Amino acid sequence: MLQTTKRPDSPVSIIGAGIAGAWQALLFAQAGHAVTLHERGDATMTDATSHWAGGMLAPYCEAEVAEPIISRLGQRSLDIWRRELPDTPFNGSLVVAHPRERNDFERFARMTEEHRRLDAAGLAELEPSLEGRFRDALFFPNEGHVEPRRVLPKLHERIKAAGGTIKFDSDVTAQDLQGQGGIVIDCRGLGARDEQPELRGVKGEMILIETSEVQLARPVRLIHPRWPLYVIPREDNLFMLGATSIEAEDTGVSVRSALELLGAAYAVHPAFGEARIVEFGSGLRPAFPDNLPRIGVRGGQISVNGLYRHGFLIAPALAELTLNYVERGQIDNEVMQCL
């Protein structure tokens, strides 16, 4: 078992500076631990799964398909996002559907909570660009979203401001660091399959487009028979279209996925048909067979993995659970396992 009495100077080495590792490093550094965050890539983080994420903070919408634990962790994470990054946009999110998906829309409404139904006029008042596009919508006012490529550097800066050290181009394993004493937290995602072979990669594809013809203040999720497709506003007239979930570990975006993502945008607003395509890309989300996150404890090593498609949503709460275990011995039986 780990030493669970807080020592402010106890070293903590964290592997992986993506969203999981960054939140671990931030909370441990703020608690007074001597934190070193190792990242095998460079500071641009272009090879990280987080680089291709949507950044939606939508625990209530996710309740339609995710296990209750995701909603619980996600709702707690919203509080931590607000506390640590108070400029995080919490403008809510919208769910819309065309008439042919009406049954699925009503099912979504029944399976989720903390929303209110808007009629066409209410939707137009909230998002003027969508006036006349849909007869109603579900509005989830407590949800938010972040832009991963902007918020991850902010987290890294906050880690350093809290006294932590970040080492890029540092390709290490837990075994490499265990001889240095202290605690090692492995947040390598799929890179941890040398110790967790049950991990698999689930490909999530995205397209980045640019247009000034549409203005949105919040993500818009379009009901789809196979995937939750959404349009996420970003700065500088950019919109992210995502996200597929494909049981494959290749990279790139397939023609079929591109057509569906672009078609979804066009279905939300025809002006997206004239948008400029800026980027195609995909990331491999680390997932266990049950698609649930896991904090594993083995001696002086902790692993945090299996965040699947919920990384930005649940990473803060997972970091809080890890810190509570190390400092107070608290165990969350739904998430933590002794290996």
Side-chain angles (χ1 to χ4, degrees), residues 1-51 80 83-85 148-149 151-196 199 286 293-307 311-312 314-329 336 339:
M1 295 291 288
L2 291 175
Q3 172 67 37
T4 57
T5 300
K6 177 181 177 181
R7 296 181 302 162
D9 61 343
S10 59
V12 177
S13 299
I14 300 167
I15 311 173
I19 193 62
W23 273 107
Q24 297 283 332
L26 178 58
L27 294 196
F28 272 89
Q30 288 179 337
H33 294 268
V35 169
T36 302
L37 178 60
H38 297 267
E39 169 56 41
R40 68 180 180 181
D42 60 28
T44 65
M45 298 293 291
T46 54
D47 293 330
T49 300
S50 298
H51 186 75
I80 302 174
R83 183 188 76 203
E84 299 297 335
L85 291 171
R149 298 178 188 182
V151 80
L152 203 54
K154 290 182 181 179
L155 289 172
H156 291 164
E157 288 302 317
R158 294 212 56 192
I159 292 165
K160 290 185 282 188
T165 299
I166 303 178
K167 294 184 177 181
F168 292 104
D169 301 307
S170 178
D171 191 2
V172 297
T173 66
Q175 287 71 25
D176 297 330
L177 299 173
Q178 280 184 326
Q180 300 179 12
I183 298 164
V184 178
I185 304 176
D186 189 342
C187 301
R188 289 179 294 158
L190 288 178
R193 281 196 287 198
D194 56 344
E195 296 191 8
Q196 296 175 300
L199 283 167
R294 185 183 304 169
I295 298 174
V297 180
R298 180 191 291 117
Q301 178 181 338
I302 298 175
S303 62
V304 180
N305 218 318
L307 278 66
F312 279 77
I314 65 175
L318 292 176
E320 185 177 66
L321 292 179
T322 306
L323 180 64
N324 288 343
Y325 172 73
V326 170
E327 296 201 328
R328 292 182 285 278
M336 305 185 75
L339 305 175

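Only a predicted model underlies this, so the values are computations on that prediction, with no experimental measurement involved.
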Could I get the full list of side-chain contact (heavy atoms from CB on, under 4.5 Å) partners for [X], not counting sequence neighbours?
X: Ser303; answer: Asp186, Gln196, Leu339
X: Asp176; answer: Val172, Thr173
X: Thr46; answer: Thr44, His51
X: Ala25; answer: Ile14, Val35, Leu37, Ile159

If you measure from [atom1] on [X] to [atom2] on [Y], what distance do you get to the nearest 0.5 Å?
X: Asp194; Y: Arg188; atom1: CG; atom2: CZ; answer: 4.0 Å
X: Ile302; Y: Thr322; atom1: CD1; atom2: OG1; answer: 5.5 Å
X: Leu26; Y: Glu84; atom1: CG; atom2: CD; answer: 5.5 Å
X: His38; Y: Thr165; atom1: NE2; atom2: OG1; answer: 9.0 Å

Practice problem: Report the residue from Thr36, Leu177, Val304, Ile185 that forms a side chain to side chain contact (heavy atoms under 4.5 Å, CB included) with Ile15. | Solution: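 It is Leu177, the one option of Thr36, Leu177, Val304, Ile185 that forms the side chain to side chain contact (heavy atoms under 4.5 Å, CB included) with Ile15.
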Self-check item: SB check Lys160 Glu157 (cutoff 4.0 Å)
Solution: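 Glu157 and Lys160: salt-bridged.
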Practice problem: Evaluate side chain to side chain contact (heavy atoms under 4.5 Å, CB included) for Trp23 paired with Ile80, printing each intermediate quantity in order. | Solution: CA-CA 10 Å; Trp23 273 107; Ile80 302 174; 3.6 Å; yes
Looking at every heavy atom in both [X] and [Y], which two are closest together, and how far apart are they?
X: Met45; Y: Gly18; value: CE-N, 3.6 Å
X: Gly189; Y: Leu199; value: O-CD1, 3.6 Å
X: Glu327; Y: Ala31; value: OE2-CB, 3.5 Å
X: Leu323; Y: Leu27; value: CD2-O, 3.8 Å
X: Ala315; Y: Ile19; value: CB-O, 3.7 Å
X: Pro148; Y: Pro153; value: O-CD, 4.2 Å

Self-check item: Residues, nucleotides or ligands: over 12 heavy atoms within 6.0 Å of Arg40 CZ
Solution: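 Counting other residues, nucleotides and ligands, CZ of Arg40 stays at 12 neighbours or fewer.
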Quiz item: Would you call Phe28 and Val326 a side-chain contact if the rule is heavy atoms closer than 4.5 Å?
Solution: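 Of all side-chain heavy-atom pairs linking Val326 with Phe28, at least one is under 4.5 Å.
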Exercise. Indicate yes or no: at least one non-hydrogen side-chain atom of Gln24 is less than 4.5 angstrom from one of Cys187.
Key: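 A side-chain contact exists here, since the closest heavy-atom pair is under 4.5 Å.
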Quiz item: Please, which pairs that meet ring-ring contact (aromatic ring centres under 6.0 Å, His included) have at least one residue in residues 151-180, sequence neighbours excluded?
Solution: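 Sorted result for residues 151-180: His156-Phe168.
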Quiz item: What pairs with Arg149 under salt bridge (charged side-chain N to carboxylate O under 4.0 Å, His left out), at least two apart in sequence or on another chain?
Solution: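 Salt bridge (charged side-chain N to carboxylate O under 4.0 Å, His left out) check on Arg149 returns Glu279.
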